[in-house]
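Lettering follows sequence order; numbering is per chain, from 1. Bear in mind the structure is a predicted one, so any value in this text is a computation, not a measurement.
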Amino acid sequence: MPELPEVETIRRQILPVTRQLTIVAGQVTRARAVRAHRSPEEFLALIIQRRILDIIRRGKVLLFLLDNDTSLLVRLGMSGRLGVAEACLPSLPHTHVQLTLSNGTELRFIDPRTFGQMAVVNGHDPDRMAELGHYGLEPLSEAFTSQALAQALAGKKQLIQAVLMDQTKIAGLGKIYADEACFLASVSPLRTAASLNTEDIARLHAAIRQVLEQSISARGTSTLDAAYRDANGNKGDFQAKLYVYQRAQQSCRVCGTLIEQRPLQGRRMHFCPRCQR
DNA sequence: AATGGGGCCTGAGAGC
DNA sequence: TGCTCTCAGGCCCCAT
């Protein structure tokens, strides 16, 4: 599942091969991929002849900044992929959007489960966009301090993992990194956000930064299902370094205790009952 | 206001 | 072998 590290990996790979290029043509072969718009034609009309100035990321969302103060917003959802390929190369199954760039290559959006989408939005500043303005702390920014995290968690009666995955509190964490951050911080996911003390939060803050940065270095995590691939079609390497996510009934890499899983909002959380308190 | 749950989707893997 | 069922989960919407 593309979470912050996977999206950031794709951003870094796509940026150098699209920057300053103009979208000269486009094709939408599945209207759902651009469902925020009335029609694929409307979507395409908004981006054709627009030049890509830069690509930024907010949480799990990519924004291609266009030269008329609009942005092409890309959510990868669960199974979305982006790639840039020579136009002569065949497209992969589930390629829903293909945008021809001024150097003859194509930016391709592939998404089997169709939870992802592309949309054109106004402006370049995510904090001032209707679509992203409600997003919470950006974990790799300077604004993400231990104090800011404490404020985001204060008084919340939900389990800590649920709050960590709430994009309006912290933007970019999903199941994988919420599980892993709690492990690294030695915090049990059975606790409520409000129950964490200042030291717990300080460890959690450091853990979130650490796991995200290490995963970006490994070009993200490719899990068994919905297999994430980077923009070059390669798997990430971070799955080999996971401590708890999808490791139920396997031995904790630190203490050997069996990793447990429990339901959380229709999903599952994974944790070491001994290392995490 | 905050919280919980359902629905959208498809492919992989399990089970028969 | 081939079918059916279950599970995975980001995000949006609705009900409480």
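OP1 and OP2 of B:dC9 both lie 4.0 Å or more from every side-chain N or O belonging to A:H94.
Residue pairs satisfying the side chain to side chain donor-acceptor pair (under 3.5 Å) criterion with at least one member in residues 160-174 of chain A, sequence neighbours excluded, are listed as follows: A:Q161-A:D179, A:D166-A:T168, A:D166-A:K169.
The interatomic distance linking A:R247 (CZ) with C:dA8 (P) rounds to 17 Å, in whole Å. What separates CG of A:L92 from C1' of B:dG11 is a distance of 15 Å, to the nearest Å.
A search for side chain to side chain donor-acceptor pair (under 3.5 Å) contacts involving A:R35 returns nothing, not counting sequence neighbours. In terms of the side chain to side chain contact (heavy atoms under 4.5 Å, CB included) criterion, residue partners of A:E199 (sequence neighbours excluded) are, by chain and number, A:N197, A:R203.
An angle of 50°, rounded to 10°, separates the two end axes of the helix from B:dA2-C:dT16 to B:dC16-C:dG2, each defined over five pairs.
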Apply side chain to side chain contact (heavy atoms under 4.5 Å, CB included) to A:I52 and A:L101, showing your working.
-> CA-CA 10 Å; A:I52 297 167; A:L101 304 177; 4.2 Å; yes
Tabulate below the donor-acceptor pairs under 3.5 Å that side-chain atoms of residues 255-263 of chain A make, not counting sequence neighbours, or state none.
| residue | atom | partner | partner atom | Å |
| --- | --- | --- | --- | --- |
| A:E260 | OE1 | A:R262 | NH2 | 3.4 |

Might you list the N or O atoms of the protein lying below 3.5 Å from N or O atoms in nucleotides 10-13 of chain C, with each pair's distance?
| residue | atom | partner | partner atom | Å |
| --- | --- | --- | --- | --- |
| C:dG10 | N7 | A:R267 | NH2 | 3.2 |
| C:dC11 | OP2 | A:K60 | NZ | 3.3 |
| C:dC11 | N4 | A:R267 | NH2 | 3.0 |
| C:dC12 | OP1 | A:R75 | NH2 | 3.1 |

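Residue A:Y243 qualifies as open at atom OH: its count of foreign heavy atoms under 6.0 Å is 12 or below.
Using a 4.0 Å heavy-atom distance criterion, A:R35 is classed as making no nucleic acid contact.
Side-chain N or O atoms of A:S222 include one that pairs as donor or acceptor with a backbone N or O of A:G236 at under 3.5 Å. A:E3 places a side-chain N or O within 3.5 Å of a backbone atom of A:G174 that can act as its donor or acceptor partner.
If you check distances only, the side chain of A:R268 never reaches the base of C:dA8 with a donor-acceptor pair under 3.5 Å.
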